[in-house]
Amino acid sequence: FKGGESKQMQERNKISSQAPGIFPVSPGTADIIRSINSNEYVHEEARVEWEREGSGPQQQPFLRVKDPKKEKLNNFEKTKMAKNPVLLTLDDFKEWAKVPFEVLDTKENAGDIDIRLKWFGLFHRRKQQYGKFMMRLKLPNGIVTSEQLRVLAEITDEAGEGGCGDITTRQNFQLRGITLQAVPDIFERLEACGLTTIQSGMDNVRNAVGSPIAGVDPMEIVNTIPVCNDLTEYVIDFGKMNERIANLPRKWNVCVVGSHDLYEHPHINDLAYMPAEKDGRFGYNLLVGGFFSATKCEEAISMDAWVPEEHVIHTCDAILTTFRDFGARSGRQKCRMMWLIKDMGLENFRDEVANRMPGGRLETEGKDLVDTSHKRRDYHGVHKQKQEGLNYVGLNVPAGRIQAKDMFEIARLAEEYGSGETRLTVEQNYIIPNVPDDKVEALLQEPLLTTGEGFATAFRPNPGRLVKDLVSCTGNQFCALALIETKATGKALAEALEATMDFTRDVRMHWTGCPNTCGQVQVADIGFLGCQTKNPTGEKGNVDGVKIFLGGNIGHDAALGKEVAKVACSELLPYVQDLLVEKFGATRKSKGSLTS
Ligand code: SRM
Ligand code: SF4
């Protein structure tokens with residue numbers, strides 16, 4: 001990735017003038033974003049400085065750590081220091097596309113291939129799919145149109161063997177099997193249909209999560225779609241890549257709550273906007289610091305702060321830049337924002353954020369508008385919208401795995417029966433909104449929703465009580481960090497349990513292949529975290545197993561589950577059958593067996 005600064009700047013200016021924005025923002029927000037993103041304010045006492053020295057790529061403003069404590073920077077920081085990832089351009093991708101991957105894959109280029117490309121949503125699957133990349137999008141509020149879905153389906157289809165898609169636990173899409181040869185063309189096609197992948201991995205802000213039934217929910221508190229769009233455009237600076245916040249100490253998650261159901265998982269985000277009013281004005285209370293990691297998991301805590309809706313972006317910027325300027329950049333396991341909040345103390349953290357807000361102050365918490373007595377609604381099946389005569393239809397995608405053929409079909413269904421829009425959910429399912437009353441029955445008779453004939457599996461509106469909320473991370477099929485296979489095993493277990501037992505309630509089962517817990521086992525009714533465990537036959541050596549988590553909850557009584565046992569995968573079916581009888585009121589029909 002070489003090239004003079006002036007060429008890079010030209011390219012970036014070209015991109016920016018061609019694409020002033022990717023997602024539609026609320027009126028007036030574009031000016032707010034422009035003014036915030038042109039601000040280079042860094043707190044005087046913050047442990048950072050803007051590095052403008054040197055030549056080559058580092059001539060760009062690039063945040064550096066002063067390191068008064070003589071902390072040892074972690075290796076990711078060193079990689080970012082060595083070369084600022086935001087300086088890669090479309091031209092660089094075009095050059096790379098001309099070279100066979102094996103030639104490109106030198107020690108010198110490893111920092112680009114395995115790390116810096118994640119700023120563009122490209123994750124090299126070195127171990128599982130050498131030379132191929134997983135591509136993560138940004139889909140604010142999980143919304144995708146039929147036109148966009150077709151483009152994603154085509155890209156997945158063209159990837160050939162090993163090409164498939166996943167709906168993620170952040171209401172998003174990831175596509176697999178992408179080669180560097182295909183990337184320049186893919187980026188152009190994505191831009192043309194209003195999609196982007198930038199700033200979706202590494203030390204960046206992740207997909208903004210909102211209510212999956214925003215805008216159609218008869219009980220809605222606030223429509224989260226424009227807010228998630230605004231936040232996303234601020235984060236990516238209208239598709240140009242936002243350098244100011246592209247070098248955070250660690251990943252950072254944000255959600256906006258719009259429903260009483262808390263579908264958005266506010267308690268496990270670094271920042272959650274909770275709808276609240278103050279003196280008759282609408283705005284948000286702020287929860288901060290929720291996160292999961294291999295060594296620590298924390299629920300978000302109240303910041304005792306309320307912000308009016310017109311200050312949503314300012315708030316995000318104030319919190320993010322506080323994190324950027326003060327967050328630890330040494331031990332990678334202690335860099336998430338909650339560590340900073342604990343280190344500074346909540347009060348000092350709040351003061352620093354307040355300093356960075358318009359007027360230099362933050363109001364105290366307002367009246368929460370979320371009804372805590374509300375029982376979470378199941379979004380599967382057919383539901384009346386707030387718009388008369390229209391319905392939203394929730395459909396189950398077992399463990400979130402989706403093929404190109406499925407995407408084409410969903411695009412067709414959304415267009416033929418709805419308004420051409422599809423929403424993704426954090427449970428890795430999807431919803432087709434805006435289906436008129438007189439089209440509902442025909443939609444429900446479609447093969448993809450019934451027999452699954454012609455497809456790998458059916459995406460049902462009325463799934464079984466375990467499969468419906470089955471969540472699974474990627475697992476060892478594609479993720480090098482995984483200790484076990486997750487998606488197929490999780491699906492097989494759920495199906496075997498449904499075939500052998502009767503249930504009186506839904507049971508939310510989450511699978512995750514390693515302690516990073518992308519599959520969020522701590523919020524599940526039953527969580528399965530991959531591990532290696534003793535061979536139950538008594539033979540030497542370890543076998544695939546799971547740590548079982550119980551006691552997790554989402555919604556108003558949010559709680560993090562705890563590990564209660566370690567079980568070999570081969571022993572899982574009888575173990576979970578017993579658990580379901582003892583703790584979840586299920587009854588056994590037959591013994592069954594588990595084959596995945
Ligand atoms: Fe994650 C790293 C997949 C949601 C915590 N996560 C990874 C990587 C990128 C590791 C890698 O390079 O292979 C995984 C890519 C595997 C692949 O090929 O798909 C990966 N994470 C995922 C996804 C796809 C799981 C899924 O099947 O849905 C989710 C993508 C969401 C998105 O669209 O952006 C995903 N990851 C999460 C969540 C859940 C959430 O956001 O609610 C968490 C826990 C919550 C949190 O972050 O606070 C999560 N992922 C991690 C961590 C631990 C972070 C930490 O602070 O230590 C890692 C490892 C890391 O960052 O060092 C990680
Ligand atoms: Fe990979 Fe571990 Fe995340 Fe699963 S939990 S996707 S195995 S990093």
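Counting from 1, the numbers follow the sequence of the chain as shown. All values reported here derive from a predicted model rather than from experimental measurement. Ligands are counted one by one from 1 in listed order, and the atoms in each one are counted from 1 as well.
- If you number the atoms of ligand 2 from 1 as listed, the ones under 4.0 Å from a heavy atom of Cys473 come out as 4 (Fe), 5 (S), 6 (S), 7 (S).
- Protein heavy atom at the shortest distance from atom 1 (Fe) of ligand 2 is Cys479 SG, 2.3 Å.
- Remark: side-chain polar atoms of Lys566 are not paired, donor with acceptor, to backbone N or O of Gly545 under 3.5 angstrom.
- In summary, the atoms of ligand 1 found under 4.0 Å from a heavy atom of Thr517, numbered by their order in the structure, are 43 (C), 44 (C).
- For ligand 1, the atoms closer than 4.0 angstrom to any heavy atom of Cys473 are 26 (C), 27 (O).
- Within the 4.0 Å heavy-atom criterion, the part of Asn253 lying near ligand 1 is the side chain and not the backbone.
- Looking only at heavy atoms of the protein, atom 42 (O) of ligand 1 is closest to Gln520 NE2, 2.9 Å.
- Among protein heavy atoms, the minimum distance from atom 45 (C) of ligand 1 is reached at Phe292 CB, 3.8 Å.
- At least one cation-pi condition fails for Arg136 and Phe173: the charged atom is not both under 6.0 angstrom from the six-membered ring centre and inside a 45 degree cone around its axis.
- Of all atoms in ligand 1, numbered sequentially from 1 with element shown, those under 4.0 Å from a heavy atom of Phe291 are 48 (O).
- If you look at Asn207 next to ligand 1, there are no close heavy atoms at all, none under 4.0 Å.
- Near Thr517, meaning under 4.0 Å from any of its heavy atoms, are these atoms of ligand 2: 5 (S).
- Looking only at heavy atoms of the protein, atom 4 (C) of ligand 1 is closest to Thr169 OG1, 3.2 Å.
- Looking at atom 11 (C) of ligand 1, its nearest protein heavy atom turns out to be Arg125 NH2, 3.5 Å.
- When heavy-atom distances to ligand 1 are checked against a 4.0 Å cut-off, Leu481 comes that close only through its side chain, counted from C-beta outward.
- Open room surrounds CD on Glu161; 12 or fewer heavy atoms of other groups in view lie less than 6.0 Å from it.
- Contact annotation for atom 8 (C) of ligand 1: protein absent (non-hydrogen atoms, distance under 4.0 Å).
- With Asn141 contributing its side chain and Ser211 its backbone, the two residues share a donor-acceptor pair below 3.5 Å.
- The NE2 atom of His510 lies 6.0 Å from the CD atom of Gln520; values are rounded to the nearest 0.5 Å.
- Set against the non-hydrogen atoms of Cys518, the atoms of ligand 2 under 4.0 Å away are 3 (Fe), 5 (S), 6 (S), 8 (S).
- Heavy-atom proximity to Phe123, at under 4.0 Å, picks out these atoms of ligand 1: 9 (C).
- A heavy-atom separation below 4.0 Å is not found between Gln128 and ligand 1.
- At distances below 3.5 Å, at least one donor-acceptor pair connects side-chain atoms of Asn242 with backbone N or O atoms of Tyr234.
- Selection from Arg170, Arg336, Lys138, Met202 by nearest heavy atom to atom 41 (O) of ligand 1 gives Arg170.
- For ligand 1, the atoms closer than 4.0 angstrom to any heavy atom of Gln428 are 26 (C), 27 (O), 28 (O).
- The backbone N or O of Gly475 lies less than 3.5 Å from no partner atom in the side chain of Glu485, so there is not a single donor-acceptor pair.
- Near Thr512, with a cut-off below 4.0 Å to any heavy atom, the atoms of ligand 2 are 5 (S).
- Separation of atoms CG (Asn269) and CZ (Phe291) is listed at 13.0 Å; rounding is to 0.5 Å.
- Residue contacts with ligand 1, taken as heavy atom pairs separated by less than 4.0 Å, do not involve Gln171 at all.
- Within 6.0 Å of the NZ atom in Lys78, the count of heavy atoms belonging to other residues, nucleotides or ligands exceeds 12.
- In terms of protein heavy atoms, atom 31 (C) of ligand 1 is closest to Thr168 OG1, 3.5 Å.
- Because its NZ or CZ atom is both nearer than 6.0 Å to the ring centre of Phe455 and within 45° of the ring axis, Lys405 counts as a cation-pi partner of that residue.
- In summary, an N, O or S atom of Cys514 is located under 2.8 Å from atom 2 (Fe) of ligand 2.
- No more than 12 heavy atoms of other residues, nucleotides or ligands shown are found within 6.0 angstrom of NZ on Lys334.
- Proximity of Ala480 to ligand 1 is not established, as no heavy-atom distance is less than 4.0 Å.
- With respect to Pro212, the side chain to side chain contact (heavy atoms under 4.5 Å, CB included) criterion is satisfied by exactly one of Ile143, Ile431, Val426, Thr224: Ile431.
- For Arg250, every heavy-atom contact with ligand 1 shorter than 4.0 Å involves the side chain, none the backbone.
- Interatomic distance, OG1 of Thr196 versus NZ of Lys138, reported as 8.5 Å (0.5 Å rounding).
- The shortest N or O to N or O distance between Ser200 and ligand 1 is not under 3.5 Å.
- A donor-acceptor pair under 3.5 Å is formed between the side chain of Gln128 and the backbone N or O of Cys479.
- Atom-to-atom distance recorded for Phe292:CZ and Gln522:CD is 4.5 Å, nearest 0.5 angstrom.
- With Asp203 as reference, Lys80 is the one residue of Lys251, Lys80, Arg250 to meet the salt bridge (charged side-chain N to carboxylate O under 4.0 Å, His left out) rule.
- When the heavy-atom distances from atom 2 (C) of ligand 1 to Gly142, Ala300, Cys518 are ranked, the shortest goes to Cys518.
- A salt bridge does not link Asp270 to Arg206: none of the charged nitrogens lies less than 4.0 Å from a carboxylate oxygen.
- Ligand 1 has no N or O atom lying under 3.5 Å from any N or O atom of Asn516, backbone or side chain.
- For ligand 1 and Ser293, the ligand atoms under 4.0 Å from any heavy atom of the residue are 55 (C), 56 (O), 57 (O).
- For atom 5 (C) of ligand 1, the closest non-hydrogen atom on the protein side is Lys251 NZ, 3.2 Å.
- Remark: the backbone N or O of Arg244 is paired with a side-chain donor or acceptor of Arg324 at under 3.5 angstrom.
- When heavy-atom distances to ligand 1 are checked against a 4.0 Å cut-off, Ser472 comes that close only through its backbone atoms N, CA, C and O.
- Which parts of ligand 2 touch Ala482 is read off a 4.0 Å heavy-atom cut-off, strictly below it: atoms 7 (S).
- The closest non-hydrogen atom to atom 24 (C) of ligand 1, taken over Gln174, His265, Lys334, Arg206, comes from Gln174.
- Atom CG of Asp112 and atom CD1 of Ile115 lie 9.5 Å apart (nearest 0.5 Å).
- The atoms of ligand 1 that sit less than 4.0 Å from any heavy atom of Cys479 are 13 (O), 16 (C).
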